[in-house]
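FYI, the numbering just counts along the sequence from 1.
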Amino acid sequence: MGWCCSGICRALALLVLLFVLRGRGCRCLGLNLSSGDGEKSPSSDPDSWEALHRHKRSWVWNQFFVLEEYTGNEPLYVGKLHSDVDKGDGKVKYVLSGEGATSIFTIDENTGDIHATKRLDREAQAYYTLQAQAIDRKTNLPVEPRSEFVVKVQDINDNEPKFLDGPYLAGVPEMSPLGTMVVQVAATDADDPTYGNSARVVYSIIHGQPYFSVEPKTGVIRTALPNMDRETRDQYVLVIQAKDMVGQMGGLSGTTSVTVMLTDVNDNPPRFSYQYTVLESLPVQSVVARIKAADADIGSNAEMDYRIMDGDGPGMFNITTDEDTQEGVIILQKPLDFETRSGFALRIEATNRNIDSNFLSLGPFSDTTSVKVAVEDVNEPPIFSSPFSIMNVSEDARVGTPIGRVSAHDPDTSGSTIRYSIDRNTDLERFFNVDASSGIISTAKPLDREANSIHNLTILAIENLDPNQIGKGIALITVLDVNDNAPVFAIDYETLLCENSMPGTNTGMSLSLAFSVMVLLIVTMRRRRKQPLILEEERDIRENIVRYDDEGGGEEDTEAFDMVTLRNLNIIRDPSVRRDVTPDTPTFYHYTSASPPSYRSLSGNMVFREFIWERLKDADVDPTAPPYDSLQTYAFEGSGSVAESLSSLESLSTDSDQNYDYLSNWGPRFKKLADLYGNSDSSSVFS
């Protein structure tokens with residue numbers, strides 16, 4: 001029985017085997033497991049099985065290779081099993097058994113081709129041991145003994161290096177010389193170290209330069225600067241990377257952190273030192289601390305000047321001398337931020353201001369001290385990445401359309417997650433929503449640019465760990481116009497034409513002539529009317545005083561006020577006239593064909609709300625209204641009783657259905673009422 005395998009490795013191995021077996025009578029596609037010397041086949045010899053046990057095999061090809069993580073759609077070809085007994089007449093059948101037989105590996109019983117039907121993972125199982133046998137198809141008796149072979153899973157680079165012992169904590173004495181070993185890190189790669197470069201790892205330092213370095217092959221971390229001072233900085237956090245494929249492009253990588261602590265050595269003489277703790281919210285120009293150098297002298301001989309010689313955060317602090325107490329006053333010059341830096345170390349010198357040259361040998365007349373300032377964390381509200389966001393949205397955008405996104409973060413070390421919301425005082429009608437997690441702003445209602453073209457929203461960013469910490473940002477949303485309004489004439493045009501007009505007659509002239517006649521009629525009628533008692537037309541009708549000169553003449557003057565305004569509210573709901581002044585010119589505003597609802601059908605405060613809205617619309621479209629804000633006063637008391645009013649003022653002077661002719665029979669005292677409410681021809685406006 002012989003074997004053939006696929007792939008480059010199998011091809012190279014096959015060439016070697018061909019060279020070795022060249023003189024043994026083996027064929028290229030069927031490496032014979034038997035001696036090939038013309039012995040009888042087991043099917044013709046009853047003692048064939050015993051004979052097979054005594055056969056001397058010429059060669060055993062017992063290892064195949066299959067690539068791991070194969071992602072193709074077809075089964076992966078592994079190799080071919082072939083027996084010299086197989087003459088190609090279909091009498092021999094190939095059978096496979098062992099690890100993964102039938103579940104992972106299948107064999108074509110006619111051709112002996114072996115395939116892998118599942119994706120293999122070398123890190124889960126590196127090889128499979130299988131048994132193959134050729135049997136007679138009719139008798140199911142073996143034509144050759146069972147042979148064992150191995151299918152080895154060939155590695156690919158599918159695992160990144162991992163630091164199993166990380167993160168690391170190490171220490172090194174301060175003031176150590178250059179190149180002092182700190183610690184050694186090690187990363188392991190689950191890929192096959194015997195095949196290719198998939199498991200060959202090199203190390204590099206990503207964060208921690210120029211203070212430390214790492215050896216690429218060994219992972220040994222060493223100091224890269226000499227004389228590092230623990231009193232200046234005592235801790236360093238390094239980030240070390242391990243990359244396979246010898247660090248080449250395309251290799252996989254893993255990282256770990258190494259915290260290096262500088263341990264103390266006795267490198268400083270005794271000094272008085274000061275340590276202070278301040279809140280990070282301390283305002284600029286505030287006093288951080290007061291220090292004082294002792295001087296046994298008095299008066300001007302004890303006066304001294306202070307200065308900051310060196311320290312962390314240049315420009316963060318300044319020191320001045322308090323002339324009364326000779327103390328050094330440390331003043332904050334820049335804002336503090338605990339998340340950026342949690343502490344500062346300063347070295348301050350105090351020097352006598354007035355030095356006597358006769359005593360220089362007793363000096364030096366100065367001293368230095370160290371001052372440590374620790375910054376205490378304060379819980380701060382979230383900060384928006386952009387405090388002012390400008391967004392645009394089309395007015396025809398559908399509900400739920402995303403407009404833009406705001407982003408905020410917690411500046412504190414706790415790193416709390418953020419929850420977003422809209423200050424509804426800036427979005428009373430709830431046109432917009434914001435996703436609480438992502439900060440995406442979307443539409444919640446249909447928009448109308450003609451009603452409101454700009455929305456100024458206040459976005460709130462709330463810490464989940466501390467809901468009292470709230471940051472605020474502004475989102476200015478501009479509604480973009482679309483062509484959704486048809487042209488509308490400002491006024492209604494009406495053209496009059498005489499019935500006997502000739503073709504080509506100018507309608508404008510005819511209109512001017514309808515107008516002249518109308519003016520003439522109105523002037524004639526006004527001359528015949530009595531002058532109103534109240535001449536101030538702009539005065540509110542409720543403020544008019546009607547004066548009667550006749551002792552029993554009744555309501556003689558009906559021109560000083562508009563009787564229509566005293567009618568039932570549901571009858572006179574005509575928006576074409578203003579209710580607070582007597583209209584002298586017609587209004588050009590018209591309601592649509594749908595009439596407004598009756599006030600009587602409304603309940604509660606809706607009656608007054610509807611009344612105010614109608615008066616507001618009347619005032620907005622009235623061309624006689626002043627071009628500035630004006631105060632409108634209405635004495636509206638509601639819709640009244642369901643039983644209607646019993647007053648005679650509810651009836652009109654000209655359109656009433658009531659017959660008042662009987663008033664003429666009541667004598668001269670009721671003549672005025674008879675003339676006012678009667679149906680005589682004298683009531684015609686053209687009389």
*Asks:* Heavy atoms only: give me the nearest Pro381-Gly471 pair and the separation to one decimal.
*Replies:* CB-N, 4.1 Å
*Asks:* Atom OG in Ser389, atom CD1 in Ile441: separation rounded to 0.5 Å?
*Replies:* 7.0 Å
*Asks:* Minimum heavy-atom separation for Ile418 and Ala461, please, with both atom names.
*Replies:* CG2-CB, 3.7 Å
*Asks:* Measuring only between side-chain heavy atoms, which start at C-beta, is His207 closer than 4.5 Å to Thr255?
*Replies:* no
*Asks:* Within a reach of under 6.0 Å around CD of Glu429, are more than 12 heavy atoms found that belong to other residues, nucleotides or ligands?
*Replies:* no
*Asks:* Using the rule given for side chain to side chain donor-acceptor pair (under 3.5 Å), can you reason through Asp189 versus Asn159, listing the C-alpha separation, both sets of side-chain angles and the distance that settles it, and then say yes or no?
*Replies:* CA-CA 6 Å; Asp189 196 311; Asn159 290 278; 5.3 Å; no
*Asks:* Could you list the residues that satisfy side-chain contact (heavy atoms from CB on, under 4.5 Å) with Asn318, not counting sequence neighbours?
*Replies:* Thr320, Gln333
*Asks:* Test Ile474 against Asn456 for side chain to side chain contact (heavy atoms under 4.5 Å, CB included), laying out the working first.
*Replies:* CA-CA 7 Å; Ile474 301 298; Asn456 191 348; 3.2 Å; yes
*Asks:* Do the side chains of Arg449 and Leu480 get nearer than 4.5 Å, heavy atoms only?
*Replies:* no
*Asks:* Does the distance from a Lys or Arg side-chain N to an Asp or Glu carboxylate O, for Asp427 and Arg430, drop under 4.0 Å?
*Replies:* no
*Asks:* Closer than 3.5 angstrom, by distance alone: can the side chain of Thr443 be matched with the main-chain N or O of Thr401 as a donor-acceptor pair?
*Replies:* yes
*Asks:* Are the side chains of Val237 and Gln235 in touch, meaning some heavy atoms are under 4.5 Å apart?
*Replies:* yes
*Asks:* Is a side-chain N or O of Ser438 found less than 3.5 angstrom from the main chain of Asp435, in a donor-acceptor match?
*Replies:* no
*Asks:* So which atom in Ala187 and which in Pro161 form the shortest heavy-atom distance, rounded to 0.1 Å?
*Replies:* CB-CB, 4.1 Å
*Asks:* Do you know which two heavy atoms are closest between Thr256 and Gly166, and how far apart they sit?
*Replies:* OG1-CA, 3.5 Å
*Asks:* Would you give the length of the straight line joining atom CG of Asn425 to atom CG of Leu457, rounded to the nearest 0.5 angstrom?
*Replies:* 12.0 Å
*Asks:* Compare all side-chain heavy atoms of Met261 with those of Leu169 and state whether any distance is below 4.5 angstrom.
*Replies:* yes
*Asks:* List in chain and number order the residues that pass ring-ring contact (aromatic ring centres under 6.0 Å, His included) with Phe431, two or more places apart in sequence or in another chain; answer none if no residue qualifies.
*Replies:* His455
*Asks:* In terms of heavy-atom contacts, does CD of Glu74 have more than 12 from other residues, nucleotides or ligands at under 6.0 Å?
*Replies:* no
*Asks:* For the atom pair CE (Met228) and CG (Asp234), what is the distance rounded to the nearest 0.5 Å?
*Replies:* 12.0 Å
*Asks:* First locate atom CD of Glu450, then atom CG of Asp481, and finally report the distance between them rounded to the nearest 0.5 Å.
*Replies:* 5.0 Å
*Asks:* Take the angle between the ring planes of Tyr211 and Tyr236 and call it parallel below 30°, perpendicular above 60°, tilted in between.
*Replies:* tilted
*Asks:* Looking at Asp337 and Glu380, what are the two nearest heavy atoms and their distance?
*Replies:* OD1-OE1, 4.3 Å
*Asks:* Just so I know, are the side chains of Ile462 and Pro382 near enough to count as touching, which here means a heavy-atom distance under 4.5 Å?
*Replies:* no
*Asks:* Judged by atom type as modelled, is there a donor-acceptor pair below 3.5 Å linking the side chain of Ser416 to the main-chain atoms of Leu465?
*Replies:* yes
*Asks:* Return yes if some donor-acceptor pair links the side-chain N/O of Glu327 with the main-chain N/O of Asp322 below 3.5 Å, else return no.
*Replies:* no
*Asks:* Once ring-ring contact (aromatic ring centres under 6.0 Å, His included) is applied, what residue pairs with a partner in residues 372-414 remain, sequence neighbours excluded?
*Replies:* none
*Asks:* Among side-chain atoms of Gln248 and Asn197, is any donor-acceptor pair under 3.5 angstrom?
*Replies:* no
*Asks:* If you take all heavy atoms of Pro335 and Val284, which pair is closest and at what distance?
*Replies:* N-CG2, 3.7 Å
*Asks:* Could you walk me through whether Met245 and Lys243 pass the side chain to side chain contact (heavy atoms under 4.5 Å, CB included) check?
*Replies:* CA-CA 7 Å; Met245 298 298 292; Lys243 189 174 184 180; over 6 Å; no
*Asks:* Could you tell me whether the side chain of Ile459 reaches within less than 4.5 Å of the side chain of Ile422, counting heavy atoms only?
*Replies:* yes
*Asks:* Apply side-chain contact (heavy atoms from CB on, under 4.5 Å) to Asp396 and list each qualifying residue two or more places apart in sequence or on a separate chain.
*Replies:* Ser394, Val482
*Asks:* Taking Ser213 for the side chain and Ala224 for the main chain, is one N or O donor matched with an acceptor at less than 3.5 Å?
*Replies:* no
*Asks:* Among all residues two or more places apart in sequence or in another chain, which pass the salt bridge (Lys or Arg N to Asp or Glu O under 4.0 Å) test with Arg233?
*Replies:* none
*Asks:* Before giving the answer on side chain to side chain contact (heavy atoms under 4.5 Å, CB included), spell out for Lys472 and Leu460 the whole-Å C-alpha distance, their side-chain angles and the decisive distance to 0.1 Å.
*Replies:* CA-CA 5 Å; Lys472 294 185 179 181; Leu460 306 179; 3.6 Å; yes
*Asks:* So, taking the atom named CD1 in Ile440 and the one named CD1 in Ile403, what distance separates them when rounded to the nearest 0.5 Å?
*Replies:* 11.5 Å
*Asks:* Check whether Tyr203 reaches the backbone of Ile221 with its side chain - one donor and one acceptor, N or O, closer than 3.5 Å.
*Replies:* no
*Asks:* Would you indicate whether the side-chain heavy atoms of Val258 and Phe212 approach each other to under 4.5 Å?
*Replies:* no
*Asks:* Show your working on side chain to side chain contact (heavy atoms under 4.5 Å, CB included) between Asp158 and Glu123 and close with a plain yes or no.
*Replies:* CA-CA 10 Å; Asp158 60 341; Glu123 288 70 38; 3.6 Å; yes
*Asks:* Evaluate the side-chain proximity of Ile291 to Ile319: yes if any heavy-atom separation is below 4.5 Å, no if none is.
*Replies:* yes
*Asks:* Could you work out, with salt bridge (Lys or Arg N to Asp or Glu O under 4.0 Å) as the rule, every residue matching Arg419, not counting sequence neighbours?
*Replies:* none
*Asks:* Could you state the interatomic distance from OG1 (Thr417) to CD (Glu463), rounded to the nearest 0.5 Å?
*Replies:* 9.0 Å
*Asks:* I'd like to know if the side chain of Tyr306 reaches the main chain of Ile330, judged simply by a donor and an acceptor atom lying under 3.5 Å from each other, with no hydrogens or angles considered.
*Replies:* no
